[in-house]
2 protein chains.
Amino acid sequence: MAIPPAVNRPVGTIERAIEIMEYLKENDTATVSEMTDHLDCAKSTTHRYMKTLAANSLLVEDGNEYQLGIRFLDYGEVARNKYRLYDEAKPRVDELAEETEEKIWCAVEEHGRSVHIYGAQGKHSVQTYARVGHRNYLHQHAAGKAILAHLPDSQITETIDRHGLPGRTPETITDRDELWEEIETIRDRGYAFNFQESVEGLHAVGAPITDENDIAIGAISVSGPASRLEGPFLRDELPTLLLGVVNEIGINMAHP
Amino acid sequence: MAIPPAVNRPVGTIERAIEIMEYLKENDTATVSEMTDHLDCAKSTTHRYMKTLAANSLLVEDGNEYQLGIRFLDYGEVARNKYRLYDEAKPRVDELAEETEEKIWCAVEEHGRSVHIYGAQGKHSVQTYARVGHRNYLHQHAAGKAILAHLPDSQITETIDRHGLPGRTPETITDRDELWEEIETIRDRGYAFNFQESVEGLHAVGAPITDENDIAIGAISVSGPASRLEGPFLRDELPTLLLGVVNEIGINMAHP
DNA sequence: GTGTTTTGTTCGAGTAGCTTGAATCAGTGC
DNA sequence: GCACTGATTCAAGCTACTCGAACAAAACAC
């Protein structure tokens with residue numbers, strides 16, 4: 001979970017292959033020609049890359065179109081299961097969704113960004129861009145800020161240096177000093193709010209799951225339309241509920 | 001979903017990188033030295049590979065140990081969502097799990113093998129080796145055989161030629177002629193049984209989801225202990241239930 | 001404590017093999 | 001029919017990937 005070290009001489013071939021996967025993730029499907037325009041190399045090279053990936057089931061051919069193969073699910077599931085947190089958090093996230101009737105997410109930090117490892121929707125929950133596996137900036141949402149505030153200062157600095165503070169809505173915190181103030185506030189109260197900082201009209205609360213040293217190993221958030229998530233429900237009721245859950249998960253993680 | 005063509009000159013670098021991912025999938029975690037023993041190249045090369053993969057979040061470093069990064073989830077989810085089948089099948093698989101109280105799987109064919117794209121467990125359902133994303137031989141289980149029987153003969157032959165008929169339990173069909181007979185039977189009755197052919201003590205029924213030309217686009221299966229899945233419940237009740245569900249899904253897939 | 005072994009990591013040189021562009025083939029539109 | 005766009009193949013050239021040796025750092029034996 002640490003910041004990845006700069007690689008001295010990365011293998012270009014691998015990086016270009018990942019570039020292909022990334023492009024297909026964003027654009028769903030692509031032809032050899034289209035990919036050649038995106039990468040910066042000869043068409044024959046792109047062709048060979050994509051054929052190699054397809055021969056290994058990482059890509060699937062459909063006529064001239066290529067897409068990501070579901071073999072990735074295999075790798076993804078293995079990775080997810082490694083996070084014991086997933087096993088501990090899943091049932092409680094499900095319960096929270098039932099209880100609050102809103103969208104619940106469990107996220108962890110990886111390489112200075114957040115990854116949603118599990119989500120459950122309540123009866124009224126909103127659909128957002130988010131998906132399982134979705135990678136996000138820590139400073140842009142409730143769970144991420146909850147995690148960020150419960151990391152060592154040095155790691156927070158590293159993270160900001162590495163990824164910057166890109167904005168997403170007019171409300172997103174993009175100023176370093178402002179973020180540090182917010183972090184202090186979150187540390188004091190023990191949980192984080194998100195007032196339309198990631199999606200317009202969306203509010204959220206996030207609380208960190210911490211280890212015995214009070215370092216975040218993940219976070220859980222509740223999000224919903226600003227119209228429903230407001231007043232004492234947002235300010236008191238949800239935080240209390242969340243804190244109970246994250247404490248319980250934290251204890252279970254510490255005492256297997 | 002077709003059989004992937006043999007690649008003329010696959011890119012070795014990419015294949016070796018995939019080899020690393022595959023090893024980590026099987027062994028959860030590995031060091032540079034361990035991986036060097038597995039691959040057949042210099043330690044410095046392995047090192048460069050793993051660092052490059054880690055720098056792109058496909059691998060995560062934890063001290064000297066490397067594991068798969070959950071970035072794969074991201075790719076996997078994108079791939080899964082492409083299969084519209086997933087959206088159609090999910091709610092019905094959930095219902096079946098509730099109703100039968102056994103384990104339900106939805107699988108598709110990719111490159112001549114089956115991939116579990118969604119699973120739901122009923123109250124009493126058994127835990128097997130299977131996972132979402134799990135790749136399997138078509139001839140070894142109920143859903144796979146249901147799919148196999150509803151493919152064009154040419155594709156069946158190609159599949160057998162490509163992957164052979166490896167055994168798994170003493171009951172697995174490993175003889176070509178026997179398999180063709182079984183395929184005829186399955187085509188006649190419209191669904192497939194699995195009597196301890198993949199796991200000892202486990203029975204299952206699988207029915208294909210077909211398109212307008214009666215070609216399989218996937219399958220749904222119910223599996224459970226042989227002691228519970230037997231007699232008229234297995235022979236009549238479950239098949240009827242399954243056929244209703246797969247027909248409904250097939251119709252929805254044909255008329256979006 | 002010291003010597004020994006095992007690990008990850010760096011670096012320059014050499015050549016395996018990746019990249020390239022041109023040529024060929026397959027399909028579409030006009 | 002021809003032109004055009006796309007995928008695919010191939011030999012030749014040179015990039016950059018691989019290697020082994022050397023170093024650093026940690027783990028271990030005694």
Side-chain angles (χ1 to χ4, degrees), chain A residues 1-24 27-69 111 158, chain B residues 1-24 27-69 111 154 158 162:
Chain A
M1 309 239 193
I3 303 281
V7 180
N8 272 5
R9 292 188 300 170
V11 183
T13 305
I14 295 179
E15 298 207 308
R16 230 165 305 141
I18 294 174
E19 187 71 24
I20 290 178
M21 286 152 34
E22 197 62 28
Y23 185 86
L24 285 173
N27 299 68
D28 269 27
T29 169
T31 63
V32 172
S33 301
E34 185 182 346
M35 191 64 76
T36 305
D37 292 342
H38 177 67
L39 301 174
D40 195 31
C41 64
K43 190 162 63 166
S44 52
T45 303
T46 313
H47 175 252
R48 212 147 85 84
Y49 270 64
M50 294 177 88
K51 279 291 186 198
T52 304
L53 289 169
N56 287 279
S57 301
L58 293 188
L59 263 46
V60 176
E61 296 184 59
D62 187 9
N64 285 341
E65 300 279 323
Y66 287 80
Q67 357 177 301
L68 292 175
H111 294 336
E158 265 181 309
Chain B
M1 306 243 191
I3 305 279
V7 179
N8 273 7
R9 294 187 301 170
V11 184
T13 305
I14 294 179
E15 298 207 308
R16 230 164 304 141
I18 294 173
E19 186 69 25
I20 291 178
M21 284 150 37
E22 199 61 28
Y23 184 86
L24 286 173
N27 299 67
D28 269 28
T29 168
T31 62
V32 171
S33 300
E34 185 183 347
M35 190 64 74
T36 305
D37 291 343
H38 176 66
L39 301 176
D40 195 32
C41 65
K43 190 162 64 167
S44 51
T45 303
T46 313
H47 176 251
R48 212 146 86 83
Y49 270 64
M50 295 178 86
K51 279 291 187 201
T52 304
L53 289 168
N56 287 280
S57 303
L58 293 188
L59 263 48
V60 177
E61 296 184 59
D62 187 8
N64 285 341
E65 300 279 322
Y66 287 79
Q67 359 177 299
L68 292 175
H111 295 337
S154 59
E158 265 181 310
R162 184 171 194 81

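Side-chain N/O atoms of A:Tyr49 include none lying less than 4.0 angstrom from OP1 or OP2 on C:dC18. An OP1 or OP2 oxygen of D:dT18 is reached within less than 4.0 angstrom by a side-chain nitrogen or oxygen of B:Arg16. Side-chain nitrogen and oxygen atoms of B:His47 include none within less than 4.0 Å of the OP1 or OP2 phosphate oxygen of C:dG8. A sub-4.0 Å separation between OP1 or OP2 of D:dA7 and a side-chain N or O of A:Thr31 is present.
A donor-acceptor pair under 3.5 Å links the side-chain atoms of B:Thr36 to the main chain of B:Val32, judged by distance alone. Distance alone, capped at 3.5 Å, is enough to place a donor-acceptor pair between the B:Thr52 side chain and the B:Arg48 backbone.
Rounded to whole Å, the distance from CG on A:Asn64 to P on C:dC25 is 18 Å. Distance CG (B:Asp40) to P (D:dT18): 13 Å, rounded to an integer number of Å. In this structure, the CZ atom of A:Arg48 is 16 Å from the C1' atom of D:dA7, given to the nearest Å. Rounding to whole angstrom units, CG of residue B:Asp37 and C1' of C:dT7 are separated by 12 Å. Rounded to whole angstrom, the span from the NZ atom of A:Lys51 across to the P atom of C:dT19 amounts to 17 Å. Residue B:Met35 contributes atom CE, which lies 18 Å from atom C1' of D:dT18 at whole-angstrom precision. Atom C1' of nucleotide D:dA16 and atom CD of A:Glu15 are separated by 13 Å, given to the nearest angstrom. Atom CD of A:Glu34 is separated from atom P of D:dG6 by 10 Å (rounded to the nearest Å).
Considering all non-hydrogen atoms of both residues, A:Leu53 and A:Ala17 come closest at CD1-O, 4.4 Å. Closest heavy-atom contact between A:Ala54 and A:Tyr66: CB-CE2, 4.1 Å.
With D:dA7, C:dT20, D:dT18 as the choices, the nucleotide that has an atom nearest any side-chain atom of A:Lys43 turns out to be D:dA7. Taking only side-chain atoms of A:Val32, from C-beta outward, the nucleotide of C:dT9, D:dA7, C:dG21 with the closest atom is D:dA7. With C:dT9, C:dT20, C:dT19 as the choices, the nucleotide that has an atom nearest any side-chain atom of A:Thr13 turns out to be C:dT19.
Residue contacts for B:Ser33: at a heavy-atom cut-off of 4.0 Å it reaches the sugar-phosphate backbone alone, with no base atom in range.
A residue-by-residue look at B:Ser44 and A:Ser44 shows that A:Ser44 has its nearest nucleotide of DNA chain D further toward the 5' end.
The closest side-chain donor-acceptor pair between B:Gln67 and B:Thr29, if any, does not fall under 3.5 angstrom.
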